[in-house]
Amino acid sequence: MTTRVRFAPSPTGYLHIGGARTALYNFLYAKASGGTFILRIEDTDLERSNAEYEKLQIDDLKWLGINHDEGPDKPNPKYAPYRQSERAEIYQKFALELIDKGLAYYDFCSEEELEEMKEKATREGRPPHYEGKWKNPAFNEEALSRLARGEKPAIRFRAPNKAYVLNDKVKGRVVYPENMVGDFVIVRSNGLPVYNFCCVVDDHLMDITHVIRGEDHLSNTVRQLMIYEALNAKVPEFAHVSLLIGHDRQKLSKRHGATSVNLYRNENYLPEAMCNYLTLLGWSHPKEIDIFDKHELFEVFDLERFSASPAMYDLEKLKWVNGQHIKKMQNEEIIKLVNDLPGNEFFKSQSHEWKNASVEIIKQQVHFLTDFPKMIHEMITNDHLEMTDTLLDILNWETTPKIISFLHEEVSKWNTPFITEGQLNIWMEQVKKELGVKGKPLFMGVRAALTGRDHGPELKFLIPLTPVNVIKKRLDQLKK
RNA sequence: GCUCCCAUCGUCUAGCCCGGUCUAGGACAUCGCCUUUUCACGGCGGUAACAGGGGUUCGAAUCCCCUUGGGAGUACCA
């Protein structure tokens, strides 16, 4: 039997970092085991679900390169549909079957009655389990007649009073003691089924073999085990991955800042870097390496190397990972991406040769794609002089004004758009011989004169990339 | 409250299942040095952890128990 795994988000918001991580783990496991990765939309909560969010989440997954083999947009007729809201009859049928078998029953209790029962139980120190009259089979007939009259009951599952054991791939052996949960609702009175029920029905019908999901579902799993049993369905393997937490060690949520994938997408983080970092939050590579592409994991990913404890989401390491991926990228690829960045007209207008040369030096020292335009502006196109103390100091050296005068004259004679490295060397020689300047005063003086800065990449790389008219403007200002 | 889960450097983690090879390894961050005209990158090095207490054992980060701390669940949410 081939492996079938699924990611089952609720379209109630943007794709969350934690969701992306779960999706990624499922995707990787499918790839590693030659299986199928399925996207299922859990939209039974009509009030909170929204078709727009479904689309946005799928977009974000696609951006991350987490591609599903089956889903609402790629249906396999054998398993479709993939939206729970479109599977109502299926759940209805299964629920009715459970009622027939006496494993579930209609519950006509009102919200108030339920609330009251719960309060009473808590007051008396009992677990707040359902104890309403409809649990009693003696009321079956009354239930049927009220149903015939058009009343709308919920359907409640009769929770067996016994212990359950789960052999979780991450948590190990988990024992749910008997009486841990009471009878729970599987179909609401409005006819819509509830998560714990449809999840099992779907996983069963879709032949899901491994359920990889967040640890927040671990307690709920006992309910699902009960339903698998009632349905006489094969129980899949479970892997409950630990949660992502914020700096306060609480479950990661909106108040921790940027927790939606689209935020990182908008800031031009590399999707491959995001995946890389997310993978590391709870899973470790057998060779202990920490920079890799998804496809490099297809061979080695497994369920055995998950950490059981929660992981703190930390931007610092993500920043570093992103930088590492930039260094790994081909210049051509970077050029394409940088070209599309906003506010980047200068870069776009340059020759391919120029782009390649600038990318080559800049990629060595940045962490983000957006640093490219920033660096280009800062080092190359900006003709505004920033008078730092260090720069002022350099300008006050007795040799510097001589260098400025000399270069001012030389550069003004220059009329091609760029200065060549060869020409720069000639000038350096001339300054050295004719003006008698060498060492630090030479390099810093020339740097100050040509760049108007006290820092930057090596001059021999930088100057051939800088337009002559920018250099001229800088020299004009310095001359005064 | 009850139930379940978790516990190694500030952070992510290796090691734990199959006790000795661990004076606990790697990575991020941090600090120092080297390289560089400067910054960055890079290289080298440093600081830094087995939550506490009991067992079991010749020997425990590794096995068991308790305590403490953290997390999740306890819905006609997912």
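All chains are named by letter (A, B, ...) in the order of the sequence lines, taking the proteins before the strands, and each is independently numbered beginning at 1.
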Should [N] form a Watson-Crick or G-U wobble pair with both distances under 3.5 Å, which nucleotide is its partner?
{"N": "A29(B)", "result": "none"}
{"N": "U68(B)", "result": "A7(B)"}
{"N": "U56(B)", "result": "none"}
{"N": "C2(B)", "result": "G73(B)"}
{"N": "G42(B)", "result": "C34(B)"}

Using a heavy-atom cut-off of 4.0 Å across all strands, would you classify [X] as base, sugar-phosphate, or nothing?
{"X": "R48(A)", "result": "base"}
{"X": "K319(A)", "result": "nothing"}
{"X": "I289(A)", "result": "nothing"}
{"X": "V175(A)", "result": "sugar-phosphate"}
{"X": "P127(A)", "result": "nothing"}
{"X": "C198(A)", "result": "nothing"}
{"X": "H217(A)", "result": "base"}
{"X": "S10(A)", "result": "sugar-phosphate"}
{"X": "R213(A)", "result": "nothing"}

With rounding to the nearest 0.5 angstrom, report the OG to CD distance, S284(A) to E304(A). 11.5 Å
What I want to check is whether an N or O donor and acceptor connect the side chain of [X] with the base of [N] at under 3.5 Å.
{"X": "S242(A)", "N": "C6(B)", "value": "no"}
{"X": "E288(A)", "N": "G25(B)", "value": "yes"}
{"X": "N220(A)", "N": "A78(B)", "value": "yes"}

Shortest non-hydrogen contact between L465(A) and I380(A), atoms and distance: O-CG2, 3.6 Å
Whole angstrom is fine here: how far is it from CZ in R223(A) over to P in U3(B)? 15 Å
Rounding to an integer number of Å, can you tell me how far R173(A) CZ sits from C6(B) P?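 So the two atoms are 13 Å apart, to the nearest Å.
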Evaluate the criterion side-chain contact (heavy atoms from CB on, under 4.5 Å) for residue pair Y313(A) and L318(A); output intermediate values, then yes/no. CA-CA 9 Å; Y313(A) 183 68; L318(A) 171 58; 3.7 Å; yes
Determine whether more than 12 heavy atoms belonging to other residues, nucleotides or ligands lie under 6.0 Å from atom CD of E116(A).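 Counting neighbours around CD of E116(A), 12 or fewer heavy atoms of other residues, nucleotides or ligands fall under 6.0 Å, so no.
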Determine whether more than 12 heavy atoms belonging to other residues, nucleotides or ligands lie under 6.0 Å from atom CD of E299(A). no
Base, backbone or nothing for each nucleotide of nucleotides 29-42 of chain B, written B, S, -, heavy atoms under 4.0 angstrom, 5' to 3'? S-------BBBBSS
Considering only side-chain heavy atoms of [X], which listed nucleotide, [options], is closest?
{"X": "V194(A)", "options": "C4(B), A27(B), A78(B)", "value": "A78(B)"}
{"X": "K118(A)", "options": "A75(B), C5(B), A78(B)", "value": "A75(B)"}
{"X": "D314(A)", "options": "U13(B), C5(B), U11(B)", "value": "U11(B)"}
{"X": "K317(A)", "options": "C12(B), A78(B), G71(B)", "value": "C12(B)"}
{"X": "D290(A)", "options": "A27(B), C12(B), A78(B)", "value": "A27(B)"}

Decide, yes or no, whether a salt bridge links E131(A) with R126(A) under the criterion of side-chain N to carboxylate O below 4.0 Å.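 Looking at E131(A) and R126(A), the cut-off is not met.
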Go through the side-chain N and O atoms of H16(A) and S260(A) and say whether any donor and acceptor fall under 3.5 Å apart. no
With C1' as the reference atom in both, quote the distance from G52(B) to U35(B) in angstrom, rounded to an integer.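 Straight-line distance between the two C1' atoms is 47 Å.
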Using atom C1' of each nucleotide, how far apart are C76(B) and C17(B) to the nearest Å?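 Each nucleotide's C1' atom is 42 Å from the other's.
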